[in-house]
Amino acid sequence: MDDFYRDYILEHYRNPHNFGKLDAPTATAEQTNPLCGDRIRMDLLVGDDGLVADVRFSGKGCAISQASASMLTDEIRGKTLEEVARLGKDVILENVGIGISPTRMKCAMLGLRVLKSAAIGSIASWPDEDA
Amino acid sequence: MDDFYRDYILEHYRNPHNFGKLDAPTATAEQTNPLCGDRIRMDLLVGDDGLVADVRFSGKGCAISQASASMLTDEIRGKTLEEVARLGKDVILENVGIGISPTRMKCAMLGLRVLKSAAIGSIASWPDEDA
Amino acid sequence: MIETRTFNGTTLRKDFPILAQPTSRGKRLVYLDSAATSQKPQAVIDTLDRYYREYNANIHRGVYEIAARATDAYEHARATVATFLGVHSRDVVFTRNATEAINLVAYSWGNRNIGSGDVVLISELEHHSNLVPWLRLCERKGATLRYIPVDANGRLLLDDLDERLRGVKLVAVTHVSNTLGTINPVEEIIRRAHAVGAFVLIDGAQAVPHLAVNIAELDADFYAFSGHKMLGPTGIGALIATHAILEEMDPFLYGGDMIGTVGYHSVSFNDVPYKFEAGTASIADAIGLGTAIDYLTALGMDAVAAHERDLSAYALTRLAELEPRGLAIYGPRDPATMCGAISFNFADVHAHDLASILDTQGICIRAGHHCTMPLMEKMGWSATARASFYVYNDHDDIDALIDGLKTAATIFKV
Amino acid sequence: MIETRTFNGTTLRKDFPILAQPTSRGKRLVYLDSAATSQKPQAVIDTLDRYYREYNANIHRGVYEIAARATDAYEHARATVATFLGVHSRDVVFTRNATEAINLVAYSWGNRNIGSGDVVLISELEHHSNLVPWLRLCERKGATLRYIPVDANGRLLLDDLDERLRGVKLVAVTHVSNTLGTINPVEEIIRRAHAVGAFVLIDGAQAVPHLAVNIAELDADFYAFSGHKMLGPTGIGALIATHAILEEMDPFLYGGDMIGTVGYHSVSFNDVPYKFEAGTASIADAIGLGTAIDYLTALGMDAVAAHERDLSAYALTRLAELEPRGLAIYGPRDPATMCGAISFNFADVHAHDLASILDTQGICIRAGHHCTMPLMEKMGWSATARASFYVYNDHDDIDALIDGLKTAATIFKV
Ligand SMILES: Cc1ncc(COP(=O)(O)O)c(C=O)c1O
Ligand SMILES: Cc1ncc(COP(=O)(O)O)c(C=O)c1O
């Protein structure tokens, strides 16, 4: 777990990518991790071609939730909402690498859960519960 | 406990003394043992001299509750209500002898509790709780 | 696949430490009061011990290792309950016992769904825990409490059920009677109740320990039971309900762990089932219940039921020997439609006196109203003696009971 | 007279089996999360074990030997609680935990006594368990929920209390804050509330484990606490209340053991406290709580409090060393008026990350909102790290915490 906090994680934590809000998002969702109170909001802008043109996330939380949300936002431009809705926990695990403890899995998955909720238009289940 | 069921106990159980109701009791009380549902009613008749002139008990229950109530009624004629209200558990223990198990103490004390309630005019506490 | 263990009562006794120790008078402990609470196998005791020695921690919020282990074990126990009863984990709400589970429904679902003029239908066989909550709910709401009657042998009279179901919002019936052992035809009751749009709660406190129960197949809306009657620790039970109903239901107790977000003047709630589990749970006891279910699963619930049918049949035969001396047996008297418990009286010996005399011989039975006072009143019994069986009982226990009853007859000169 | 045992945290560690085992990474277990739940001494584990091995039976109704023994032990535990807190046994109602105790009051007393236009006064420091029940009661009844404010150091602002008490029916305040450790002046609050005829409930979940509490002297109308935070098992807690109030109060849960007589259409209830204990109780856990109290009594609650004052003082001093590196300590920062818990944050390291890093070193702390979300919001903290202490902690534990925090600082490059 201590080796989880690698440089690029801390870098994303302190300087998150795509941080902020969109003026006129096509889809938006916001959720709290009931276990810790961390909160993330995701705004999506979908172009006429049906592809994600822009994304922003905002909120407060631990390095794990912030860094995984930040890395996630780097990856979803150009996807369809269906593709976003189908994203699995593996995308997060690939991003953050191994070594995340089970108690922190919900932190890592928070951004993904919110993003999928935005895409689906309703509350998504925890990505780690889909397995 | 098995040696508790001596002949005179069974005799009182099968042929209780002072069993029945009074037509115009001066005081009456009826209670259930919440632990088993056994129920006893006591009727008292107090004369002009302030002394218990007559007593009857009724109800249904085990040999222990019925025999101790029966023996108790034999003893209280001629007492004042104050004396009845002050009766302690020893009067029962003397009557029924030793060997009663703690779980059955409430059965043995039911008649006394009801009698004291009748004398006091309100619900008496369990005689074994006074100790 | 779990390997099934063939067993009889005698071979299982050694798994239960309490049965190995003699009573204070040096007698073999003959425990015939499992309908009140069951004994616990060593495996369950070990689970509690291991929890407190190795990984005791509060659940759901702790980041550290033992908190993760405690959370996993608690949620694993929930999954074990779910699998055992054919439902999904998220629809298993842990409670203290069946009583709390039923009251949870009476408060949270009942307060919102039962109103003035509504009808709740229960049976004349009910345990106080599945009667008084409805009596009080109906009093509070100006609703009517109606009864399915019972015949002299303790069987529900269902001929007029459709008539009785008219206007009924909720039916609450016990799966198995704790006083008479009657197995009620709950599938039929649920089907006919659903046909008129009524909801159904089943009190499974005496069924889950003894029978293979699949709540999803039964199609019950609510199902309640207690862990301590099925080899588990005291302090844990569960309410199982249809997911959509749980989603809609108000929470019951409010506090830690059941909330989503809280402000000084607003609150939102956690997901089902957590929104019904406020405050620190009976963590060790829930985990212990999981082990109890593993133990029962290894025996196989069909084998457990068969074992108890055999004990009931043997007990009925042996008790019948005493009928000429004044023994009266109550209930269905049919091992195929009863389970676990037989009520009786013996001549004019009061049930409490019987129980006291049997106690001196190391035999534990229950005497009284068995928390079914109105049934006793209706049947005209001031009390009954009840012998109830479980996996660790054998024919020797029943023989001891019969010998004890003969001794009581001698003492009471009947 | 119980002989008092002199102790320090180090000497007590050996009584707690969980503290003797290394973590999976081979570290000494440094348990600093006792405000969430405490660890259990061998004596408590043994009590549970003995109950299930020797005398497990349902209570209050059984005639036989083990039922009598179980009943005696359960009622003896109630007497132990009563003596420990300076009240009479009959005024001790066993519940699952503090949360259930508070909800019991909100439902049974609150439903009848709080009406439209009434005011309930609580504090901004409350745990969700002493906030959400009142928020919901007020919503249900159209009553107003009002707050005693807290200053930046976590102290209640009582200057305007008399003003705030105007029209108040019930005051519900925590004795000790679980987030900041603040000991509230509950005597004063009770006195001033009683002066205007308000009832007072004290949430003692964090006080009873750590301080000598005499509820009769405090003159609280209701007092709630949990066994699992004071060396006892999970699944047991209590509500203590004035006898006259309990007598008048409606029951809460309905079912077995809490009734007087039951008919199909009428019911009467058992005496206090039994009328509040429906269904099979957490028998083993209640008896285990009795043993936990015996253990604490042998230490002496004044000595326990002194020990924790020492730990708080030492921890505050050591944590202060890290202030230049960005550590922020919250709460009163005065060992004399706090107890058991210290909240802090470290530079820009989120509390959850701190807790994860500490976990790898065998150190258990809590991170998050500590079930006081509105307080966190008010203070502007999205989360805090909390270290909390108990009898088995020593200076080594605090040294380990400081070392762990330094490691976290290195990892996070602060
Ligand atoms: C101040 C306070 N009140 C109430 C509670 C609730 O206790 P329990 O979860 O045991 O019901 C807690 C426990 O976290 C607490 O710290
Ligand atoms: C049929 C039935 N329902 C409900 C209960 C109540 O169970 P508990 O006391 O565990 O809540 C019992 C237990 O006696 C029972 O036999």
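The chains referred to below are lettered A, B, ... by the order of the sequence lines, with proteins before strands, and numbering in each begins at 1. None of these values were measured; they are calculated from a predicted model.
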Heavy atoms, side chains only, cut-off 4.5 Å: are [X] and [Y] in contact?
X: D:Tyr254; Y: C:Asn103; result: yes
X: C:Tyr31; Y: D:Ile66; result: yes
X: D:Arg53; Y: C:Lys40; result: no
X: C:Ile259; Y: D:Met373; result: yes
X: C:Val132; Y: D:Phe269; result: yes
X: C:Asn58; Y: D:His228; result: yes

Side chain, backbone, both or neither: which part of [X] has an atom under 4.5 Å from a heavy atom of chain C?
X: D:Asp250; answer: side chain
X: D:Arg136; answer: side chain
X: D:Glu126; answer: neither
X: D:Tyr147; answer: side chain
X: D:Ala36; answer: both
X: D:Leu145; answer: both
X: D:Asn97; answer: side chain
X: D:Thr280; answer: both
X: D:Phe94; answer: neither

Looking at chain C, which one of [options] has the largest number of heavy-atom pairs inside 4.5 Å, strictly under?
options: D:Gly235, D:Cys364, D:Cys371; answer: D:Cys364
options: D:Thr372, D:Ile283, D:Ile102; answer: D:Ile283
options: D:Leu29, D:Asn130, D:Ile236, D:Leu375; answer: D:Leu375
options: D:Pro374, D:Gly255, D:Ser282, D:Ala286; answer: D:Pro374
options: D:His265, D:Lys229, D:His127, D:Met258; answer: D:His265

Checklist entry - Closest approach of D:Ser129 and C:Gly256, non-hydrogen atoms and distance? => result OG-N, 3.1 Å

Item to check | Residue among C:Leu358, C:Asn56, C:Ile365, C:Thr261 with most heavy-atom pairs under 4.5 Å to chain D | outcome: C:Asn56

Checklist outcome for this item: Max heavy-atom pairs within cutoff under 4.5 Å with chain D, candidates C:Val267, C:Val63, C:Val262, C:Thr99, goes to C:Val262

Would you mind checking which part of [X] comes under 4.5 Å of any heavy atom in chain D, side chain (CB onward), backbone (N, CA, C, O), both or neither?
X: C:Leu104; result: neither
X: C:Thr95; result: backbone
X: C:Ser38; result: backbone

Checklist entry - Would you say the side-chain atoms of D:Glu377 pair up with the backbone N or O of C:Gly263, donor to acceptor, closer than 3.5 Å? => result no

Checklist entry - Is there a donor-acceptor pair closer than 3.5 Å between any side-chain N or O of D:Glu65 and the backbone N or O of C:Ser24? => result yes

Next on the checklist: Using 0.5 Å steps for rounding, measure from the CG atom of D:Leu135 to the OG atom of C:Ser266.
Outcome noted: 7.0 Å

Checklist entry - Got a second to check how far C:Tyr264's OH is from D:Leu131's CG, nearest 0.5 Å? => result 8.0 Å

Next on the checklist: Taking side chain to side chain contact (heavy atoms under 4.5 Å, CB included) as the criterion, tell me which of C:Ile18, C:Thr234, C:Asp49, C:Val44 meets it with D:Tyr52.
Outcome noted: C:Thr234

Next on the checklist: Between C:Glu100 and D:Arg96, does any side-chain N to carboxylate O distance fall below 4.0 Å?
Outcome noted: yes

Next on the checklist: Can you classify the ring geometry of D:Tyr107 versus C:Phe252 as parallel (below 30°), tilted (30 to 60°) or perpendicular (above 60°)?
Outcome noted: tilted

